[in-house]
There are 2 protein chains.
Amino acid sequence: MENAQRGGRRRRRPRQSDIARVAGVSQTTVSLVLRGTTIGMSLAAETRQRVLDAAERLGYVPDPVATRLAAAGNAMLGLYTFSATFPTDVAHSYYPILAGVEEEAAAQGQDLILFTGSSRSGTGAGDPASLRRVRVADGCLFFGRHVPDEPIRQLAEDGFPFVYIGRRNEPDVPYVGADYVSASAAVLAGLAAAGHRRVRYLREHDQAPSSADREEGVLRGARSTGTETAGLVVRTDGTGLNGLLASWLDDGVTAVVVEQTDTGAALAGLGAAIERAGLRCPRDLSLAVLGAPVGARGRAPGGGAVFSGFDVPMREMGRDAVRLLLRLIEGAEGVETRRLLPCEPVDGGTIAPPRPPGRDPRRE
Amino acid sequence: MENAQRGGRRRRRPRQSDIARVAGVSQTTVSLVLRGTTIGMSLAAETRQRVLDAAERLGYVPDPVATRLAAAGNAMLGLYTFSATFPTDVAHSYYPILAGVEEEAAAQGQDLILFTGSSRSGTGAGDPASLRRVRVADGCLFFGRHVPDEPIRQLAEDGFPFVYIGRRNEPDVPYVGADYVSASAAVLAGLAAAGHRRVRYLREHDQAPSSADREEGVLRGARSTGTETAGLVVRTDGTGLNGLLASWLDDGVTAVVVEQTDTGAALAGLGAAIERAGLRCPRDLSLAVLGAPVGARGRAPGGGAVFSGFDVPMREMGRDAVRLLLRLIEGAEGVETRRLLPCEPVDGGTIAPPRPPGRDPRRE
DNA sequence: TCAAGGCGCTAATACGCATTAATGAAACTC
DNA sequence: GAGTTTCATTAATGCGTATTAGCGCCTTGA
């Protein structure tokens, strides 16, 4: 239909059969020679040379499309996200995943298809029709905080290979996630070691496995270190943070732990509240961030210090997800299909010993 | 060979012949129905519906490779870069292009295939074989500072549609670039308006169209504003900047213009030298940057001000390149295939009137 | 009643390459 | 010299889709 080659006087690209004619052999022989597939085959050196010469003379280059068709597999991995793929505001947060995926895919000789379906149809991210498109790839990676279960189950039933980036609760769903539980517990341990006993954990309202894991880690860490757990967990939609902050100070809270999600709303809001209150960190209040994306870590309010907490190994998650997906595609047995990667602790400058009891930083 | 289906229970992807069997028609009919190619054909509405139902039920998606082999389009655009696609250090510099491309591709209902030049063959980025893979897409976008000409010419000869992101010198090569010449000239005009007459332009050593354009713009701007052109252009490999800076001050230079490329080496080096010399900007020296990527603009040394200069409309270049490519794919006539987009001037805080003649900022 | 034409659908083929089964010929065995 | 084993090559087929050239049937007009 729109094949440009039909133009007319343009010389058709030479194919194997052209070489075959020139060299006086069959197309099969040409394929064998050029492919180097001497497995179980043997070719006369003289014939091989004739073919190579002819190929050289005609300027033969293999057609990658035909090659892939014949090889019954198209060496393409899909990447599908349930949020719009590249929204500007989360760019920094998800970019390392993409970078890691791309990097490893390239290393493995796979091309990457970015499915843009989520943003297109407008019917929301999980549109089943758009999701089905991923099947053009040999396998697919999924990521995004919130995910529709049903269409995925369909794919799973069909035996289509896929891997989530991020932990999932559904059984039998392969994923590569981050060990938020251990990392969060470690942060609480660090605060306790610095002397903090009254802490608040500020998290967003929504429900996602990664949020649940952080909360679990925080609670676990608090319990095992003697940190108070009453009132520890606080949910926010990003509003009323001024009031919250004030009440915490009234209560003698000396450290705040903040969940960092892709939007970063909680942290940004709290940072603004702290600056408005004229507080300095960590002198007046210690601060820790759970899961700042590597390389996009912000600066603490009023201080310019790097946030203490931990980094999420986004890039490595992307890489590992590709490796796992390829194992699944090749049908490997006995692969561990649910992996949690350790998070890198960050010893920033926002944790200090607590201020003396009774001292109200707002009075100074 | 690498046929993944053998795993056992994985259901093969349904093809048109499967649909045909279920619907009780021929594969041809399935193709006609799904393709919507009713040109000169007529199909019973009832038959059409049966086919559509079967396709839906089986979860059919067309194989992009086979589709291409049969000389039809598959609604996929390629994106190929000659540097590794996502090297960490240039991440911020190229990301907006990717974002723009993705955004527009999604809006146009096209998926995106990321081809990584540096992939399997290991023979380097411009490896011809690796480049040919792009043909599985309907068309392809290219970007990267340095580019091998020959393989591209091959594609062009075959009538394969492609667009460069970034200006190219070769005639007949479609591109979407940035108007560095005008933007650079405008920066020089701005410096002249502030009173600067003795200026230096620091550029990197390599040769790329975008660098040549900036230099041309600088010279043009200098000539038309009475700025000295002798010794204006200085090339650097990033070393010896301390000495350079000292000699400039000796010569009474009051402003420096720096080329910002994807590596940002020149700017980073100069910034360090300025800080080491204890200078403040713009009090002691005015500074302008040619082509800071939007959103990743750094801060001036010792001042914290935003660099004056101009922004490169990377995102818009990405978007426009997609639009142009689609026009080429559909074979539109009379399309302007070589486009330069205007750069956004940035009135930052690093340009001030020159210090009084004879005053040496190092003595203070 | 017959040719002309429209309708609804399919058989056959092309796309370019990889792979398997098979063939003919030469070399070797006893 | 009949049977067996290598060796070198090829015919045939498949990969999944698009397109071309019909085929049989039913109307229509004369």
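Lettering of chains follows the sequences in order, A, B, ..., and the numbering in each one begins at 1.
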J.: Does B/Ser31 have a side-chain nitrogen or oxygen under 4.0 Å from the phosphate oxygens OP1 or OP2 of D/dA18?
T.: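 It does, given that an N or O in the side chain of B/Ser31 lies less than 4.0 Å from OP1 or OP2 of D/dA18.
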
J.: Taking 4.0 angstrom as the limit, do B/Arg327 and B/Glu336 come out as a salt bridge?
T.: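 Salt bridge between B/Arg327 and B/Glu336, a charged N being under 4.0 Å from a carboxylate O: no.
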
J.: Taking the basic N atoms (NZ, or NE/NH1/NH2) and the acidic carboxylate oxygens, is any pair closer than 4.0 Å for B/Asp172 and B/Arg338?
T.: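 Between B/Arg338 and B/Asp172 there is no salt bridge, as every charged N stays at least 4.0 Å from the carboxylate O atoms.
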
J.: Main chain of B/Ala23, side chain of B/Arg50: is a donor-acceptor contact present, judged purely on distance under 3.5 Å?
T.: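 Yes; at least one donor-acceptor contact below 3.5 Å.
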
J.: With sugar-phosphate meaning primed atoms plus P, OP1 and OP2, does A/Val30 contact a base, only sugar-phosphate, or nothing at under 4.0 Å between heavy atoms?
T.: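 Counting heavy atoms under 4.0 Å across all strands, no contact is made by A/Val30.
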
J.: Just list the side-chain donor-acceptor pairs under 3.5 Å for residues 52-66 of chain A, sequence neighbours left out, or say none.
T.:
| residue | atom | partner | partner atom | Å |
| --- | --- | --- | --- | --- |
| A/Asp53 | OD1 | A/Gln49 | NE2 | 3.0 |
| A/Asp63 | OD1 | A/Val65 | N | 2.7 |
| A/Asp63 | OD1 | A/Ala66 | N | 3.3 |

J.: Taking CG from A/Leu32 and P from C/dA18, how many angstroms apart are they, rounded to a whole number?
T.: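 Value for this atom pair: 9 Å.
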
J.: Using whole Å, what does the distance between atom P of nucleotide D/dG16 and atom CG of B/Asp18 come to?
T.: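 B/Asp18 atom CG is separated from D/dG16 atom P by 9 Å.
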
J.: Taking side chain as C-beta onward, heavy atoms only, is A/Val136 less than 4.5 Å from A/Phe115?
T.: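 Result yes, sub-4.5 Å side-chain heavy-atom pair found.
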
J.: May I have the distance from B/Leu34 (atom CG) to D/dA18 (atom C1'), rounded to whole angstrom?
T.: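 From B/Leu34 CG to D/dA18 C1': 12 Å.
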
J.: Can you tell me how far P of C/dG16 sits from CZ of A/Arg15, to the nearest Å?
T.: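 Between P of C/dG16 and CZ of A/Arg15: 5 Å.
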
J.: Nearest nucleotide by nearest heavy atom, which residue falls closer to the 5' end of DNA chain C, B/Leu69 or B/Arg50?
T.: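 Its nearest nucleotide lies further toward 5', so the answer is B/Arg50.
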
J.: Quick one: is A/Thr29 getting a side-chain N or O under 4.0 Å of the D/dT10 phosphate, OP1 or OP2?
T.: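 So the side chain of A/Thr29 is within the cut-off, an N or O lying under 4.0 Å from OP1 or OP2 of D/dT10.
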
J.: Compare every heavy atom of B/Gly78 with every heavy atom of B/Ala137, then report the nearest pair and how far apart it is.
T.: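 Distance-wise, the nearest heavy atoms are CB-N, 3.6 Å.
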
J.: Starting at CD1 of B/Ile19 and ending at P of D/dG16, how long is that distance when rounded to a whole Å?
T.: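 For the pair B/Ile19 CD1 and D/dG16 P, the rounded distance is 13 Å.
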
J.: Could you tell me the separation between the CG atom of B/Leu58 and the P atom of D/dG16, rounded to a whole number of Å?
T.: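 Between P of D/dG16 and CG of B/Leu58: 14 Å.
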
J.: Between D/dG14, C/dT10, D/dT17, spot the one nearest the side chain of A/Ala70, thanks.
T.: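 In terms of side-chain proximity for A/Ala70, the closest of D/dG14, C/dT10, D/dT17 is D/dG14.
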
J.: Heavy atoms under 4.0 Å, any strand shown: does B/Val65 hit a base, just sugar-phosphate, or nothing?
T.: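 Counting heavy atoms under 4.0 Å across all strands, no contact is made by B/Val65.
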
J.: Tell me whether the OP1 or OP2 atom of D/dT9 has a side-chain N or O from A/Thr47 closer than 4.0 Å.
T.: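 Checking D/dT9 against A/Thr47, a side-chain N or O does come within under 4.0 Å of OP1 or OP2.
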
J.: With respect to the side chain of A/Ala44, which nucleotide from D/dT9, C/dG8, C/dG16 is positioned closest?
T.: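 From the listed options, D/dT9 comes nearest.
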
J.: Using a strict cut-off of less than 4.0 Å between a Lys/Arg side-chain nitrogen and an Asp/Glu carboxylate oxygen, indicate whether B/Glu103 and B/Arg315 qualify as a salt bridge.
T.: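 Between B/Arg315 and B/Glu103 there is a salt bridge, with a charged N closer than 4.0 Å to a carboxylate O.
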
J.: Each nucleotide N or O in nucleotides 11-13 of chain C that has a protein N or O under 3.5 Å away: list the pair and distance.
T.:
| residue | atom | partner | partner atom | Å |
| --- | --- | --- | --- | --- |
| C/dA11 | N6 | B/Thr28 | OG1 | 3.0 |
| C/dA12 | N6 | B/Thr28 | OG1 | 3.3 |

J.: Applying ring-ring contact (aromatic ring centres under 6.0 Å, His included) between B/Tyr164 and each of B/Tyr175, B/Phe142, B/Tyr80, report the one that passes.
T.: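 Going through the options one by one, the only one that passes is B/Phe142.
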
J.: Answer yes or no: is there a side-chain heavy-atom contact under 4.5 Å between B/Thr47 and B/Val33?
T.: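 Answer no - side chains too far apart.
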
J.: Compare side-chain N and O positions of A/Arg35 against OP1 and OP2 of C/dT19 and report whether any pair is under 4.0 Å apart.
T.: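 Looking at the OP1 and OP2 atoms of C/dT19, one of them is under 4.0 Å from a side-chain N or O of A/Arg35.
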
J.: Which angle, to the nearest 10 degrees, lies between the helix axes at the two ends of the helix from C/dT1-D/dA30 to C/dC30-D/dG1, each defined by five pairs?
T.: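 About 60°, once rounded to a multiple of 10°.
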
J.: What's the closest nucleotide to the A/Ala66 side chain, out of C/dG16, C/dC15, C/dG8?
T.: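 Output: C/dG16.
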
J.: Applying side chain to side chain contact (heavy atoms under 4.5 Å, CB included), run through A/Ile97 and A/Val101 and close with a yes or a no.
T.: CA-CA 6 Å; A/Ile97 292 183; A/Val101 167; 4.2 Å; yes

